[in-house]
Amino acid sequence: MEKLHVNDLNEAKNVINLAMITGQMLIKNGAEIYRAEDTIERMCAGVEEIREVEVFGLSSAIFVSAQYTGETITMFKDIESQGVHLSRIDALNSFSRRFVAGEFSLEDAKKELLSISTLEKCPIPMAMFFTGLCSASFAIMFGGDWIDFGYTFFVGAILSFCMRFTSRYSISFFTESFIGTMVVSILALIGASATDRLHMDMIIIGSIMPLVPGMQITNSLRDIISGDFLSGMIGITKGIFVALAIALGVGLILNVQKIIGG
């Protein structure tokens with residue numbers, strides 16, 4: 001495979017910037033840190049004149065240093081998480097491979113990245129349906145019955161809508177998880193108060209499962225295994241705080257119910 005070529009320093013900076021934006025988008029949309037670092041290194045190393053590429057990634061920032069004809073180029077980009085968007089991650093992986101293979105000019109690559117950045121998440125009704133189905137299935141798995149399944153499906157769907165709504169605003173992941181858990185607990189309490197045939201504990205357990213930071217913890221462990229200890233510990237710390245928010249949200253509503261119920 002023939003490597004790409006750049007003609008001057010400005011073009012070299014544009015290639016590095018393009019690679020950094022790709023890595024930035026990967027991390028923003030939930031990819032592992034080591035995957036973003038590897039993508040940036042491969043895209044930069046795919047250019048003949050760019051050498052000695054060094055990448056340091058965190059969940060909140062990326063640093064890149066590279067050599068072009070004896071001159072050091074150093075760049076930094078801030079990162080603000082946007083949750084998990086697997087379609088964008090898949091598109092970015094395909095884009096980086098095609099870029100290294102020489103299928104894009106610099107301008108075409110910028111247009112492709114812009115197109116990927118505008119990929120929408122799945123429609124709200126679809127997200128509500130599958131979140132509800134996931135929650136209801138966990139309710140059954142943990143010992144609930146089919147009546148719990150139906151009501152948990154409803155609670156999970158409402159949770160999905162609330163999380164999509166809160167994601168539009170600049171609130172912290174802790175507050176977002178706390179609000180989502182409170183909504184789940186309140187709906188479970190209302191349902192259990194309306195009929196004895198519903199089991200509040202099964203509804204709550206099933207409905208909070210989509211909030212559990214399983215992917216966050218898994219990605220962090222993979223980063224640690226890959227040698228990115230700092231990034232991994234940051235991710236695990238975030239996962240612990242999400243779990244704390246879930247516990248506080250459920251505990252608050254249950255304690256309020258005890259106080260009101262005497």
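Computed over heavy atoms, backbone and side chain alike; hydrogens, waters and symmetry mates excluded.
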>> Under the rule for ring-ring contact (aromatic ring centres under 6.0 Å, His included), what residues qualify as partners of Phe104, not counting sequence neighbours?
In response: Phe95
> Does one side chain, of Glu54 or Ser65, offer a donor that lies under 3.5 Å from an acceptor on the other?
Replying inline: no
> Less than 4.5 Å apart, any side-chain heavy atom of Thr72 and any of Glu52?
Replying inline: no
> Should we count CZ of Arg42 as having more than 12 external heavy atoms under 6.0 Å?
Replying inline: no
> Do Ile33 and Ile27 have side-chain heavy atoms sitting under 4.5 Å apart?
Replying inline: yes
> With side chains defined as the heavy atoms from C-beta onward, is the minimum distance between Ile89 and Leu86 less than 4.5 Å?
Replying inline: yes
> Any donor-acceptor pair under 3.5 Å linking the side chain of Ser115 with the backbone of Lys111?
Replying inline: no
> Just wondering, are more than 12 heavy atoms of other shown residues or ligands nearer than 6.0 Å to CZ in Phe165?
Replying inline: no
> Given Ile246 and Val242, is the side chain to side chain contact (heavy atoms under 4.5 Å, CB included) satisfied, shown in steps?
Replying inline: CA-CA 6 Å; Ile246 293 172; Val242 171; 4.2 Å; yes
> Between Thr39 and Ser96, is there a donor-acceptor pair closer than 3.5 Å when you use the side chain of the first and the backbone of the second?
Replying inline: no
> Rounded to the nearest 0.5 Å, how far apart are CZ of Phe99 and CG of Leu113?
Replying inline: 9.0 Å
> Do Trp146 and Val155 belong to the same hydrophobic cluster, where Ile, Leu, Val, Met, Phe, Trp and Tyr are linked whenever their side-chain heavy atoms lie under 4.5 Å apart, directly or via other members?
Replying inline: no
>> If we ignore hydrogens and angles and just use 3.5 Å, is the side chain of Thr195 paired with the main-chain N or O of Arg197 as donor and acceptor?
In response: yes
>> With a 4.5 Å cut-off on side-chain heavy-atom distances among I, L, V, M, F, W and Y, is there a chain of contacts connecting Phe56 to Ile62?
In response: no
> Any idea which heavy atoms bring Thr152 and Ala139 closest together, and the distance?
Replying inline: OG1-CB, 3.6 Å
>> Walk me through whether Ile236 and Leu221 qualify under side chain to side chain contact (heavy atoms under 4.5 Å, CB included).
In response: CA-CA 8 Å; Ile236 289 175; Leu221 290 175; 4.0 Å; yes
> How about Ile16 and Met43: do any of their side-chain heavy atoms sit closer than 4.5 Å?
Replying inline: no
> So how far is it from Phe149 CZ to Phe138 CZ, rounded to the nearest 0.5 Å?
Replying inline: 12.5 Å
> Where the side chain of Asp78 meets the backbone of Ala61, is there a donor-acceptor pair that is under 3.5 Å apart?
Replying inline: no
> What distance separates Phe241 CZ from Ser172 OG, expressed to the nearest 0.5 Å?
Replying inline: 10.5 Å
N/O donor to acceptor pairs below 3.5 angstrom from side-chain atoms of residues 177-192, sequence neighbours left out:
residue: Ser177; atom: OG; partner: Phe173; partner atom: O; Å: 3.1
residue: Thr181; atom: OG1; partner: Ser177; partner atom: O; Å: 2.7
residue: Ser185; atom: OG; partner: Thr181; partner atom: O; Å: 2.9

> Hey, does Asn17 have a side-chain heavy atom less than 4.5 Å from the side chain of Lys77?
Replying inline: yes
> What are the two closest heavy atoms between Gly57 and Ser231, and how far apart are they?
Replying inline: O-OG, 2.9 Å
> Sub-3.5 Å donor-acceptor pair from the side chain of Asp38 to the main-chain atoms of Tyr34, do we have one?
Replying inline: no
> So does Asp196 have more than 12 non-hydrogen atoms from other groups sitting under 6.0 Å from CG?
Replying inline: no
>> Treating Asn29 as the side-chain partner and Val84 as the backbone partner, does any N or O pair qualify as donor plus acceptor under 3.5 Å?
In response: no
> Taking only residues two or more places apart in sequence or in another chain, which ones pass ring-ring contact (aromatic ring centres under 6.0 Å, His included) with Tyr151?
Replying inline: Phe154
> NZ of Lys121 to CZ of Arg88: how many Å apart, nearest 0.5 Å?
Replying inline: 7.5 Å
>> Treating Asn219 as the side-chain partner and Gln216 as the backbone partner, does any N or O pair qualify as donor plus acceptor under 3.5 Å?
In response: no
> With a 4.5 Å limit on heavy-atom distance, are the side chains of Leu26 and Ile40 in contact?
Replying inline: no
> Do you know the tightest heavy-atom contact between Arg98 and Glu112?
Replying inline: NH1-OE2, 4.4 Å
> Taking the six-membered ring for Trp, are Phe63 and Phe76 parallel (under 30°), tilted (30 to 60°) or perpendicular (over 60°)?
Replying inline: tilted
> What do you reckon, is NZ of Lys13 surrounded by more than 12 foreign heavy atoms closer than 6.0 Å?
Replying inline: no
>> Between Ile225 and Leu58, is there shared hydrophobic-cluster membership here, with clusters defined by ILVMFWY side-chain heavy atoms closer than 4.5 Å?
In response: no
> Do Asp148 and Leu198 come within less than 4.5 Å of each other through their side chains, counting heavy atoms only?
Replying inline: yes
> Is there a path of hydrophobic side-chain contacts, each under 4.5 Å between heavy atoms of I, L, V, M, F, W or Y residues, that connects Ile79 with Ile116?
Replying inline: yes
> Checking side chain to side chain contact (heavy atoms under 4.5 Å, CB included) for the pair Ile73/Gln67: CA distance, chi angles, key distance, verdict?
Replying inline: CA-CA 6 Å; Ile73 302 172; Gln67 292 279 341; over 6 Å; no
> Do any N or O atoms from the side chain of Ser105 and from the backbone of Asp108 form a donor-acceptor pair under 3.5 angstrom?
Replying inline: yes
>> Quick check for you: to the nearest 0.5 Å, what is the distance between Met75 atom CE and Ile21 atom CD1?
In response: 9.5 Å
> Within the side chain of Thr22, is there an N or O that forms a donor-acceptor pair under 3.5 Å with the backbone of Leu18?
Replying inline: yes
> Closest approach of Ile50 and Cys44, non-hydrogen atoms and distance?
Replying inline: CB-O, 3.6 Å
>> If you apply the rule side chain to side chain contact (heavy atoms under 4.5 Å, CB included), what do you find for Asp223 with Leu230, and how did you get there?
In response: CA-CA 9 Å; Asp223 283 330; Leu230 181 58; over 6 Å; no
> Which atoms form the tightest heavy-atom contact between Met233 and Thr237, and what is the distance?
Replying inline: O-OG1, 2.7 Å
> Once you round to the nearest 0.5 Å, how far does CD of Glu32 lie from OG of Ser220?
Replying inline: 9.5 Å
> Can you tell if the side chain of Leu9 reaches within under 4.5 Å of the side chain of Glu71, non-hydrogen atoms only?
Replying inline: yes
> Looking only at atom types and distance, does a side-chain atom of Thr131 sit under 3.5 Å from a main-chain N or O of Met128, one as donor and one as acceptor?
Replying inline: no
> How far apart are the closest heavy atoms of Ala66 and Val53, and which atoms are they?
Replying inline: CB-CG2, 4.2 Å
> Applying the 4.5 Å side-chain criterion to the ILVMFWY set and letting contacts propagate, would Ile208 and Val256 be lumped into a single cluster?
Replying inline: yes
